[in-house]
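The structure presented is a predicted model; accordingly, all values stated were derived computationally and were not measured. Position 1 is the first residue of the sequence; numbering continues from there. Just so you know, ligand 1 is whichever comes first in the structure, and atom 1 is the first atom listed for that ligand.
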Amino acid sequence: MQSNLIVTTARHPTPEMASIARRAAEELGGRIVPKTGHTTIRKIQSQFHTRLVLSIGQRMTLFVDDQEIFFHPSMSVVRLKRILTGEADTLLVKSRVQPGDSILDCTLGMGADAIVFAHAAGVQGRVVGIEQSELLAFLVKEGLKRWQSDMRQLEEAMRRVEVVAMDHLSFMKRQPDRSFDVVYFDPMFRHTVKESVNFDPVRFLSVDHPLTHEAIGEARRIARKTVVLKERLSGGEFERLGFPPPDSRSSSFTYSVIHMQEEHTH
Ligand SMILES: C[S@@+](CC[C@H](N)C(=O)[O-])C[C@H]1O[C@@H](n2cnc3c(N)ncnc32)[C@H](O)[C@@H]1O
């Protein structure tokens, strides 16, 4: 897919935009086509027979056919606001994250959960977000670096997330035993039943393979505190992957947690 990528800039790119465009083309294997005169995204798509155009302007936008994908902190904004007023965040409670913790988010996606983790882990903590889709990882990495908000805590949390474009299994295999406090999974697999009517651009970019036993095995090896899985209650995934039955019955998605301390003492 990446081989068809065209990278373009605004008509009068700043040196920073030009440099991001060069990096995008290099890292994603795309070709740079400067926007001149009356060039439009549609014209670039038809001239180069491609569905994918990454446009580097004030905002970085990926055009997939006539759809646009750009980074946005989405639900993390609301969740951080609630946390700042003292409300509990279910993911943080379940994963038992404390300030100073190191967290591996194995399915970064748009990064909303990783931002919330980064806020909770604080400046002494560490959040590494792994995303297998190189395009999505690039969009999110740049977005996390550049997104501006009048919410200081949001910006600070975003800047602390480290993005790695890789398959989480390959990443985990390179990590020493007990090297992260929390390992987290939020896979795409659970969405497969519904919503195929409309084209979902994020889904188009995402990797939707089911989680493997090997990945959970690696997570158990590298986690000191918890391994957390977010899944559909009814999908059978918790059972298949050896997670305890979740206690929530109220929502369609929930978290199940393997507590490593308990495993070590048994
Ligand atoms: C449901 S989304 C995660 C959403 C994320 N928790 C958030 O808050 O935005 C799942 C993501 O995991 C990625 N993914 C799936 N399998 C992966 C793997 N083996 N390694 C790394 N990323 C993977 C998909 O490409 C997708 O972007």
*Could you see which bit of His209 sits under 4.0 Å from ligand 1, with heavy atoms only: side chain, backbone, both or neither?*
neither
*For Phe70, is the NZ or CZ atom of Arg59 found under 6.0 angstrom from the centre of its six-membered ring and inside 45 degrees of the ring axis?*
yes
*What do you reckon, does Met188 have a nitrogen or oxygen under 3.5 Å from a nitrogen or oxygen of ligand 1?*
no
*Based purely on interatomic distance, does Leu205 place a nitrogen or oxygen under 3.5 Å from a nitrogen or oxygen of ligand 1?*
no
*Quick one: which ligand 1 atoms are inside 4.0 Å of a heavy atom on Ala112?*
7 (C), 8 (O), 9 (O)
*Under a 4.0 Å N-O cut-off, is there an ion pair linking Glu142 with Lys145?*
yes
_With Leu108, the side chain to side chain contact (heavy atoms under 4.5 Å, CB included) member among Val127, Val128, Val140, Asp113_ = Val140
_Ligand-residue contact atoms, ligand 1 with His168, heavy atoms, under 4.0 Å_ = 17 (C), 18 (C), 19 (N), 20 (N), 21 (C)
*Could you tell me whether a side-chain N or O of Arg221 sits under 3.5 Å from a main-chain N or O of Met172, the two making a donor and an acceptor?*
yes
*asked:* Any nitrogen or oxygen of Glu131, side chain or backbone, less than 3.5 Å from one on ligand 1?
replied: yes
*May I have all residue pairs that pass side chain to side chain donor-acceptor pair (under 3.5 Å) and include part of residues 116-126, sequence neighbours excluded?*
Arg126-Glu162
*Below 3.5 angstrom, do we get any N/O pair linking Asp167 and ligand 1?*
yes
_Angle between ring planes, Trp147 versus His72, binned at 30° and 60°: parallel, tilted or perpendicular?_
perpendicular
*Mind listing the closest non-hydrogen atom pair of Phe185 and Pro187 along with its distance?*
C-CD, 3.6 Å
*Where does Cys106 meet ligand 1, judged by heavy-atom distances below 4.0 Å: at the side chain, the backbone, both, or neither?*
backbone
*Going by distance only, is there an N or O of Gln132 that falls short of 3.5 Å from an N or O of ligand 1?*
yes
*asked:* For ligand 1, which is the ligand I care about here, please tell me if Asp208 has any N or O atom under 3.5 Å from one of the ligand's N or O atoms.
replied: no
*Using a strict cut-off of 4.0 Å, indicate which atoms of ligand 1 neighbour a heavy atom of Ile130.*
21 (C), 22 (N)
_Structural part of Leu136 in contact with ligand 1, heavy atom criterion under 4.0 angstrom_ = side chain
_Atom indices of ligand 1, in the order listed, that fall short of 4.0 Å to a heavy atom of Met110_ = 9 (O)
*Between Pro187 and ligand 1, is there a nitrogen or oxygen pair with a distance under 3.5 Å?*
no
_Does any part of the side chain of Glu131, heavy atoms only, come nearer than 4.5 Å to the side chain of Val164, both counted from C-beta?_
no
